[in-house]
Asker: 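Take a look at the following structure, please.
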Amino acid sequence: MPIFWNEEQKEFHLTNGIVSYIMALLPDSSPGFIYFGRALDPSRSYAYLQYLEGRGASTQPEGMPAEYCLDFTCREYPSAFRGDFRTAAIGARAKDGKPLALDLCYRDHRILDTKPEIPGQPSCYTESNGEAETLLIQLKDEYSGLEVDLYYTIYSAAPVLCRHTCIRNRGPDTLVLERAMSSVLDLDDDEWDFIQFSGSWARERHEYRSRLRPGSQAVSSSRGMSSHQHNPAVLLARPDATETAGEVYAAVLIYSGNFEIGADVGSHGHCRLYSGINPESFSWELKSGAEFYTPESVTAYSSQGFEQISLTFHRLFRERLARGYWRDRERPVLLNNWEATYFDFDEAKLLAIASESKALGVELFVLDDGWFGKRNDDTSSLGDWFVNTKKLPDGIDGLARKIEALGLRFGLWIEPEMVNPDSRLFEQHPDWAVGPLGNKRTLARNQYVLDLSRQEIVDYLFKTISSLLGSAPVSYVKWDMNRNLTEPVSACLPPERQGEFFHRYILGFYELYRRLTEAFPKILFESCASGGGRFDGATLAFAPQAWTSDNTDAVERLAIQWGSSYMYPLSSTGAHVSDVPNHQVGRITPLWTRAFVAYFGAFGYELDPLKLSIEDREAIKRQIVFYKKWRAVFQFGNFYRLKGGLQDNEYAWMTVSADKQKAVVLRVQILSRPNSRSSRLRLRGLDADQDYQVQVLPSVQLKDDASIRLNSGSRTGAELMHAGLICGGDGWASAGRGDFASWLFTLEADNES
Ligand code: DGJ
């Protein structure tokens, strides 16, 4: 049993033999944090670690010993207004605005042999008994009648803890929640680096690392979506932590809306890592008897660097967050027409592209934006989900059947959450758009957002989109979302409850996604928000893959895929080969480098195959044959980052099959450097005793390539991991290679020798 309760010490110990999470009740009966780290013996007590120390100029709850300073102790769910001046987990007021100094005391606890779902919100799950146990700690503030249930799930085989909270009003009066965090982790010291995944459109999830300093440092979104700007994930790592060594904590929020994850370093050098809904744009009315559930936060621990954190999240998200028919299935090689045609297409053009794609080996043809209403650019028709018969005279059904007759599956782009002012839908329902504040709404990409906090709009969209998807053989849907939310006002909420809008929008978004994915269980959904603006765990629970970024340049993608890989598995990472000069940055990269980078994900093309040279056409055929052969390793293998980072001239990473029989390694050299020295690339995750046949594919063929000459042949796993591959080292011979050269190394277990 992984959850223990020591009645005498009032101590909880959750452990699975990999990690231990230990708490004990503080003198006022509120739960205090003791330890989260490598597993400790659960038969012993660690309550002594929760020592009390008097501090000058500090606060104590009435009737408590002078040593019990609220601002100094490590707590599990600290409330606002009570003398713990660090970031609070919960803050509430009476309806008349009076602050409530919640005194949340332990009442009871239960140990569940399952992982409960969070009503209306996606979360990690279990598939069989014994996979996880959950501790439910029940707290109550006697004065207001507010109850707080803290849920902690520990999986039997992963160093993670899944947490969420249910807040219930058992008092007679209506209360207003102003903050309701999902998790708090009060670490004992502040010797940590803060690692965030930030950027903007077309440069999402770049990794930034900085030293913690006193005060609060946080990433957040107030855009109505998890955002391009900051991913809902933060790592705290020891300053010397590397991929394979050093302590790392992670807090990843399973939420698609406004969030905040921060580290608050208090005056005594403790560090509070917290995560939850962004309190800035949030309030929630809790009538007597009502309850509120926070999103799930997944907290992970590694004593062996970032690699363990990533492997843990990849497995958990791939196998126990993503769900449905496509979860474990190999994803098709697709061709999307967006960068091939943009809005300028008709049926003949699409069929010509599709037919050529088929000849190249593509399996799924995806029709992107521009097939509906009178849409020929981005100024009109969102909301009018009926086909433009001028472009597609036989409708979506007719086109889809013709595509299927070519031997391809058919996929379709939609953007259900949006409406253009120039659309029939807006003409009929101008009040369905979010806002306005005053008399104006803000436009972005010429569009407004439909108010998904309203049930009738969610119902309407379900009906409209499900009849569209039911009308044709659609095998794949790209669900796009191309603007941030502004003027957060819902016509159906009274003025004093408008603070509920953002979260209600997200609940409506989840409901729509859930109903559509349940109604069409075999359709492969790929999420998208102007690229990777909503690449988060919650959306992943519905759509097992996401369009990682609108930036398809191979070099730009290195930093984007590198950052994404800390949390999100390769099977969730949509990655396509596009044309050159690249449409986002104008860069010209070798066709094979573009493929090598895109291979590490759900692979496809985003170009016009009719415009290819004969040479490129043949190369793409070979690329697809190669990907299909190695697809399972690329999509479901264990992923290791080897070299890279924003300032580096070189990136390298690899993926290894679960049975360690196959692996693929990528090395990209960004700029060509004269006379540069060779280096070693030490591999990871292999079977040390296994012999592997190493083959090398270069992005550019040279007469004599040292990487091929020196690395091809039989090597043991130990050799490859401890001595490594030899990279570079061909002196002036590399001049013909130029910038953005890359090499793909394949490793196959050599069981004959
Ligand atoms: C933004 C997406 O990220 C693109 O891939 C494309 O689908 C466009 N929207 C279409 O408008």
Side-chain angles (χ1 to χ4, degrees), residues 199-205 223-229 231 256 334-345 350 353 364-385 387-388 391 396 410-420 422-423 443-450 465 474 476-485 524-536 539 543 545-553 556-557 560-561 564 572-579 582-585 594 598 601-608:
S200 188
W201 172 77
R203 52 181 168 83
E204 300 91 337
R205 292 174 299 287
R223 296 163 183 268
M225 61 208 279
S226 46
S227 87
H228 300 88
Q229 281 66 23
N231 200 258
S256 296
L334 67 80
L335 184 134
N336 179 305
N337 75 308
W338 179 240
E339 290 197 13
T341 66
Y342 294 103
F343 295 101
D344 181 19
F345 60 80
L350 295 178
I353 291 175
L364 167 74
F365 173 81
V366 179
L367 171 56
D368 211 281
D369 195 355
W371 57 265
F372 51 93
K374 53 174 178 146
R375 191 160 168 97
N376 289 314
D377 55 32
D378 64 15
T379 58
S380 83
S381 306
L382 290 172
D384 297 344
W385 300 110
V387 73
N388 178 343
K391 287 182 176 179
I396 288 296
F410 175 75
L412 190 62
W413 177 98
I414 52 171
E415 194 177 358
E417 297 156 79
M418 298 293 153
V419 64
N420 284 115
D422 183 5
S423 66
L443 279 164
R445 211 191 189 210
N446 308 299
Q447 63 201 54
Y448 298 145
V449 184
L450 290 171
I465 303 297
V474 176
Y476 161 107
V477 165
K478 178 177 174 188
W479 178 322
D480 206 347
M481 194 276 193
N482 284 303
R483 65 157 292 178
N484 295 147
L485 274 64
L524 170 60
F525 281 77
E526 176 154 351
S527 73
C528 175
S530 303
R534 203 160 52 187
F535 199 145
D536 56 65
T539 307
Q545 60 190 61
W547 181 224
T548 307
S549 175
D550 273 350
N551 197 334
T552 54
D553 173 70
E556 296 291 318
R557 274 296 185 116
I560 295 170
Q561 291 177 209
S564 309
S572 70
T573 307
H576 301 170
V577 174
S578 62
D579 204 358
N582 172 267
H583 292 200
Q584 290 76 43
V585 293
R594 280 176 270 153
F603 180 68
Y605 290 82
E606 187 111 0
L607 46 70
D608 186 346

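Side chains are part of it too, since the values below use all heavy atoms of this structure and drop only hydrogens, waters and symmetry mates. As the structure lists them, so they are numbered: ligands from 1, and atoms in each ligand from 1. Residue numbers run from 1 in the order of the sequence given.
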Asker: Tell me, please, which residues at least two apart from Asp579 pass salt bridge (charged side-chain N to carboxylate O under 4.0 Å, His left out).
Answerer: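 By the salt bridge (charged side-chain N to carboxylate O under 4.0 Å, His left out) rule, Asp579 matches no residue at all.
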Asker: Mind checking what makes side-chain contact (heavy atoms from CB on, under 4.5 Å) contact with Asp377, not counting sequence neighbours?
Answerer: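 Partners of Asp377 by the side-chain contact (heavy atoms from CB on, under 4.5 Å) criterion, ordered by chain and then number, come out as Thr379.
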Asker: Have a look at Gln447 and tell me which of Glu415, Glu417, Arg483 forms a side chain to side chain donor-acceptor pair (under 3.5 Å) with it.
Answerer: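 Of the listed options, the one satisfying the test is Glu415.
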Asker: Cation-pi check, Arg557 to Trp547: give yes when NZ or CZ is under 6.0 Å from the six-membered ring centre and within 45° of the ring axis, no otherwise.
Answerer: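 Relative to the ring axis of Trp547, which defines the angle, Arg557 lies inside both limits.
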Asker: Are Arg203 and Gln584 packed together at the side-chain level, in the sense that at least one heavy-atom pair is separated by less than 4.5 angstrom?
Answerer: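 Not in contact.
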Asker: What residues come within 4.0 Å of ligand 1, counting heavy atoms only?
Answerer: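 These residues qualify: Trp338, Asp368, Asp369, Trp413, Arg445, Lys478, Asp480, Asn482, Cys528, Ser530, Gly531, Trp547, Asp550.
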Asker: Going by the rule side-chain contact (heavy atoms from CB on, under 4.5 Å), which residues pair with Asp422 if we only count those two or more places apart in sequence or in a different chain?
Answerer: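 Partners of Asp422 under the side-chain contact (heavy atoms from CB on, under 4.5 Å) test: Lys374, Ser380.
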